[in-house]
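Each remark here refers to the structure printed beneath this line.
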Amino acid sequence: MILSVRDFAIGFQREGQNLVAVDGISFDVAEGETFVIIGESGSGKSLTGMSIAGLQPPTAFVSGSIRFKDREMLKRPDAELRKLRGPEIGLIYQDPLSSLNPVWPVGDQIAETLTAHGLASRAEARKRAVEMLERVRIPDPRRVASAYPHEISGGMRQRAMIAMALAAGPSLLIADEPTTALDVTIKAQMLELLAELKRELSLTIILITHDMGVVAEVADRILVLYAGRIAEVGPADAIMLQPSHPYTAALMTSAMISQTPAKQDLNAIVGGAPGLGAFPAGCRFHPRCPRAQDDCKVIEPPRRKFGSVELACHHPIEAAMPLETARS
Amino acid sequence: MSISTQPTRRTIARPKGVLLPLALLVLVILAAFTLLPGLIAPHDPIALAMADRLKPPSLTHIFGTDEGGRDVFSRIVYGTRYSLGVAIAIVFASALFGVIYGAVSGMARQGIDNLMMRIVDLFFGFPALVLALAVAASIGRGLDSVALSLAIIWWPGYARLVRGEVLRLRERPHVEAARALGVSEMTILRRHIIPFVVQEVNVRVTTDIGYALVAVTALSFLGLGANSPTPEWGLLIRDSRPYFGSAWWYLVFPGTMIMLTATAFSLIGDALASRRAA
Amino acid sequence: MKLRNGILGLALGLLMGGVSYSAFADDASTFVYADAGEPSTIDPAKANVNWEFTVTRNIYDRLVDFDLDDPSKLLPALATEWKQDGKVWTFKLRDGVTFHDGTAFDANDVKATLDRLLKIGQGQSYLVDDIASVTVVDPKTVKIETKAPTVFLASNLSRIEMLSDEDIAKHKDDLGQAWFNENANGTGPYEFVSWTRGTQIELKRNDKWWGKFPEKPFDRVLDRFVTDGANRARGLEGGEFDLANFVPLDEALRIGTSSGFHLVEGNNLWAWPAIYLNMDLAPTNNKDFREALVKAFDYNAMVQSFQGKAEVGRGPVPSWFPGSPEKEEVEIKTDLDGAKAALAKSGLANAKMKCSVPAGFPEFRFAATVLQSSAQQLGVTVEIEEQPFVEAITAIKSDRSNCFVLGNANLSPSDATKFFSAHYLKGGFYNSGKFFDQTLQDLVAKLPTISDAAERGKLLKQAADIVVNSHYIIWTARPKTVVPEPDRIGGYRIDPAEYINARFWEMYSK
Amino acid sequence: MALLELDAVSKTFSQRRGGRAVQAVAGVSLTVGKGETLGLVGESGCGKSTLARLALKLVDVTDGRVRFDGVDVTGFASRRMLPIRRRLQAVFQDPLASLNARMTIAEVMREPFDTHGVKLGAELETRIRELLSFVGLENIDIRKLPGQFSGGQLQRIAIARALALEPEIIVADEPTSALDPSIQAQIVNLMLQIQRKRGISYLIISHDLDVIGHVADRIAVMYLGIIIEQGTADAIMQRPLHPYTQALLSAAPTLAARRQVGWKRIMLTGDPPNPADVPSGCRFHPRCHLARDICREKVPPLRATPGTSQMVACHLAPDETAQAGAEVGRARRGLAVAS
Amino acid sequence: MVIAFLLKRLVWGLVVLIAVAVITFFLSRVVPADPAAFLAGQNASEETVQRIRVEHGLDRPLPEQFASYMIGLAKGDLGESIRTRRSVSTDLKQYLPATLELLIVSFVLYLAVSFSLAVLAARRPGGAVDGAIRLVTMVGTGIPVFWLGMTLQFFFFYKLHWLPLGARFPIRETAPPVVSGFLLVDSLLAGSLSAFLASLKHLTLPAATIVVNLLAVGTRLSRAALIQEQSRLYVRTARGKGLSPNRILFKHILRNALSPILTATTMQFGYMISWVILVEVIFDWPGIGLYAYQSFQVFDYSPVIALAIVSTAGFVIINLVMDLLYPVIDPRVQSVGS
């Protein structure tokens, strides 16, 4: 296990109230896998991802444990965490334009990952930056290295971001919605690139997204978060093809637009996801769940093993249900 | 790219400790000074009382007396109306004109907009105090000419602010949506743009009152403003100058009053700004 | 690279310069005088205001001097003897006097100076404008003929500085106006060194001066321009200045009585807040109305504001002035009932008027404030406008204002007619209220021709009465001048005609 | 007769201070019939949002005509547009931003009535309630401000407002893309229901081929300011003929793709080009894997292809593209690829 | 491109300058006062006054006076000062260095202090330090500049005797020979460290007065810019790279925050020029502010117009320099002026 998260919780103090955004989740990530965290906005997926790298907001309070390569990441001084970010953990984000510093040439920013950690001299780092750009399949890497972020295209920027995240040779890449802002054709390129790099560099990837298509394409294992709690976690195939949790099932079916006959109603989940501080009692999904019963309203479902997956549901979808029939 | 689905509750800016209440208290006091000076001031602000000439602070004269034996506290109380009143008038007048000007410019065709903004630029090129000095001197001394000259240098700030806001707001989806609905340009300006602009202007106005007060008193101090024995604050400081070493209270209290007032307005402007941001 | 060169250069400069220049020469014999303004010119023919006289009086000499304690008593200066014979005055000049540039002083200098002064017609020329011609009799004798006999010529000449005819000839294109504006070559006790604009004029002592310096005189005088009265007081008190003029009264009294200082008191004309009423503009064109104002005025408040260091004036010529009829004048007192009666007679109840006050003089402003407060008791509203001097006097002269507050400015030590010429005669610059009375005009013209002092006194009284009874002026107070002098120095005396004008050559350190 | 007709419209934005002019839309012709849904799909920067604004007459065309129900409205001033606007409504991408944050829902909802002089008096509130319940918002507090509602609710409110005056057509610019996946489906369903009940026409603009393919009767594919392919939804989704359309369909990751083994997507190289710098010949040629000389030199016209209902702007279609198109379509539907 | 832009800005600057000259000229001539009376002196006759009016062209009709003034201006002649009886250009040469020295020192001090405070405040927005800095700077701005000057004089000169009352150099000492007109520079050139320190001492209070007054706005704007930049995504990226907070602040945030700070600073310079008049009056600082103020007192027009023109020109130049600086600081601003 490269990463092991136990009872991790994170929250904020707002107007004297403790608002828990992520409420006691546990999961493991194995070396070399692509672990996907799915969730809607407000589910706590990004907070979880950032906390793994020790980048939770300074105003947040945390509890539980996050162990990365047997090192406790929570409650570790930032100065030590800093040494891990870059050489051990790389991060990429949703919006590559604003995620790059607009006033520095791209190459310098990549090189900085190396120089800041004392991994290379300035000249050496600059050379390595160009190599990294080449590695992420950027044609004419020399030109791009000396270009400013606004001078290159969106796809190139995201490639440059990846180059920057991987420059110091981390084993874990946390990708927070890396494709969301990209156009369809670029998104495809990026997924392919990530897959190739993962193979070449034997990376472990934690991918955070709400795009089911992306999940389907890359996931080895999936964690489904709903309102700060784990709904379901397990192998991708099991979760995608035979979802047991009603939420997962609903997510999958509502995303299957191309499988729905044209102009017919899609399989939609009623209502909207609850916001921070407005999580319902019992099973947090129960107000929107078609299978909800009385116990769901009061008793929080415990996490249990269910086939190849672990899930938290009082009334899971029992039969190994093919996707088509999951549609009601 | 998902938008926040969580209900965003309107949060009132948390007062910065005791400062905001204190600032509001100062405001209330100033309002009382302005509206009911007769009830608050223990003495006549104008009548001479030579026997009490330049007396240090005491129970009867808490801020001491001036060279005419007049109660400095009473003069400050009565002076609120002049100093703060003029400052508020300047800011309101320039805000009013600037908002109209900026709104027209922001909504106008590019050519007209350009021309209107060039005029504003022109005013920005001027050194403010020099222009105010020249204006005040040419239309004669007095608080009214100070008000006019400061308003002349003050409005372009509002015009620029408002025009910028209008241009920004014009591109906002809700304005486009209203336009698609067929809402007329005037109504769009009135209903979909101005309310947002006003928010910005409110903050600016509040903070500016403090600055305007300082500017008014500065011109008075230079001898362009109020005339003796008007108890205008800047003039009090000017008048106190010859008694600098003999009557510290005469200098200290009017200055402190200006400082308190300006700071109070700044604090409140700040609170308004953070409330808007919330 | 560039930076390094710069530092190197700087270091080099420090090394080399360190040898040649030292700012902090220990110079105890420097006298620093804080003057209220910067001269516009140091040309004696144009000098107008105190801070210009500060320079001209010390660089140049006059033909005669006068006794500061008894202005009617004239003392020899560049002239050792003089006599009047009808329209002709003859002056015998001192021997062996040289200008700072080494040229000798003689009768040609006197003639050139007076001719030039009269031609330019500014500054103090009014003191000698009755001169018809100047004739050089011999290098040490000069003859001056006046248009009419005048007994005051010699005393008025005690204010006229003597230039060198060579200088005048050298710059004769513009009568030397450009050159004399910022250069000086006199025979006086101090020599012009430099003028740092905006900061100071530096003088140095003239060893070869014909007069006598006290023991431990100052070798170097710095005339600093400190326009702000509070700063002058502060600097004097803090020891930055040795002496300062126009120190606000309260500050002067406080500083003068604090340890390390003493007070010098004396009479003078300058700080004499008189309120001139406009004779042409309603409502002050009404004599009864003016009378009401004069009677309503709270004289006591003024005296109190001067902390008792003042008395109420009774007429145009101060009592201490040679030949003043003041003692015989009726004392002016606040008489509210009389004022009300006069106002009723004028039919101008609830009238409004405007008062222009030259800015920068707290006493003037206060006088206007007292007038306002007094007039209020009559139901008359006075609006005060404090303006720069030029603007204020323009306002009343062009009938935009009803009154004007001013001091007096008679530079002559004993010629009382000069009180009248500027203030009450037609066309006089300070006749801001446009007072005119033919009898007075005739009297003033006649006065200098009368050699009998008693006779002159009678006519002077008559002239004074005309002014007083016209209620043209409110004599708010006649304060004493109070100057704080540090104990470490001495020799300061108040010149009655010029408020405070340090005679640097009388100053010494203790 | 078409309800909304864009006839060879172009829009050129001149940039301030001598920058190069950008032709965002270059001669696009589109029609939306009564009761019909036209889906317009394209990547960012292709000019589809500008086209929506042209259709709504929020910006004026540089060239071409805009007709509404047969009336040429191209030069209409805003006052003359008013009766047209009653029949032509809009829904935008970001519901929170497109509602005035300082107006309550009640005020937002009454604005269309006020604007078009519909006086309902006491019935106003009833009408508003009706509209809101029609979009599935039965019991909301209409005195609240938009900030107090979720994105899904706000988009429903925006739709309810658009429906207030019973328009004949709604132009919807990315109506679902700002929403969470579970909410997207709700809004798609709502729009479909509205059409079924009211027979309304839609011009729906989106980058999401899934959504467009699901709701549209006809689809137009836009690339760099022009339409490169147009046809019935079925045809486009099942057998796209333009290489770009194929790439779009193929690139979009879908759930179904997970179950395809041995399927290779058509990968486009490079980025969408800059509208300020349009390539010669076929605009798509620099990214096209089939590109050859003719593509670089000659602009392919948008033309009908024999035997299909599609119009396509490609020199090589349908001969060289038809087979690949069919494969892409099958793969997308989760059907086994015939190898 | 740059040349064209420069040319355009220069032309605009010229327009502003001419406008300033026109406006101040007419404003100053509307003043109902007669400067000739000042020149003529106390007891001069009406004829003398009239003669002086003619000599100085004050009797001519306004348009004629204006025309000759503008013609002179075109030749770089700023007219003649009635009060100093010298050409205004000569006077300016005398007084400008003092003002510039004060302005530059204040400006550098202002930049340094406001920026440091902003960095401190932005470290924890809403924290105690932030609050304290905000309050202190706010109070600073609320203090009328003239009153602050007097108060500082009262404490530091009158009560504590630490600093001089005013002026540029110790009175009794000889100032270093004039080379640049900047005493700080001249004293170093003359090789006197003590003279340098003395000039610095004299600069302290006037500069502090100006700085304290501008601090609130400067700090607030810098702080806002820093906080805004701190919340930018590239900062998250930098943190993700494992950079230290200091490195992030100085290498990443700073340069991005610089342009808004510069813009704000440029605006501040305009105020600074205004405050300098008051400060020079209070501290007897022999600069153009005091010069113009004293001239203004006797309705000596030309120096007042000259001050307006010179300060406007300064402002125009600073704006121009800033415009040229933006692209250097921020590569996104490519074509200057866009």
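Values in this document were obtained by computation on a predicted structure and should not be read as measured data.
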| query | Yes or no on side-chain contact (heavy atoms from CB on, under 4.5 Å) for B:Leu181 and D:Arg85, after CA distance, side-chain angles and deciding distance? | reply | CA-CA 6 Å; B:Leu181 210 56; D:Arg85 293 214 184 277; over 6 Å; no
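Classification of D:Glu111 and B:Arg191 as a salt-bridged pair holds, one side-chain N sitting under 4.0 Å from a carboxylate O.
For B:Arg179, the parts lying near chain D are the backbone and the side chain together; criterion is any non-hydrogen pair under 4.5 Å. Only the backbone of D:Leu88 has a heavy atom closer than 4.5 Å to any heavy atom of chain B. Contacts between D:Thr115 and chain B at a heavy-atom distance below 4.5 Å involve the side chain alone, from C-beta outward. No part of D:Arg79 comes within reach of chain B, as not one of its non-hydrogen atoms sits under 4.5 angstrom from that chain. Looking at D:Leu82, the atoms closer than 4.5 Å to chain B (heavy atoms on both sides) all sit in the side chain, from C-beta outward.
Surrounding CZ of D:Arg80 are at most 12 heavy atoms belonging to other residues, nucleotides or ligands under 6.0 Å away. Atom CZ of D:Arg110 has 12 or fewer heavy atoms from other residues, nucleotides or ligands within 6.0 Å. With a 6.0 Å radius and a threshold of 12 heavy atoms from other residues, nucleotides or ligands, D:Asp141 has its CG atom above the threshold. Within a 6.0 Å sphere centred on CD of D:Glu130, other residues, nucleotides and ligands contribute more than 12 heavy atoms.
Note: D:Ser98 leads D:Ala90, D:Ser98, D:Ala162, D:Ser78 in heavy-atom pairs under 4.5 Å with chain B. Per-residue counts of heavy-atom pairs under 4.5 Å with chain D were compared for B:Ala177, B:Ala178, B:Ser184; the largest is that of B:Ala177.
Across all their heavy atoms, D:Asn100 and B:His174 have their closest contact at N-CB, 3.7 Å.
Of the residues listed (D:Leu58, D:Val59, D:Asp173), the one engaging B:Glu176 in a side chain to side chain contact (heavy atoms under 4.5 Å, CB included) is D:Leu58, and it is the only one.
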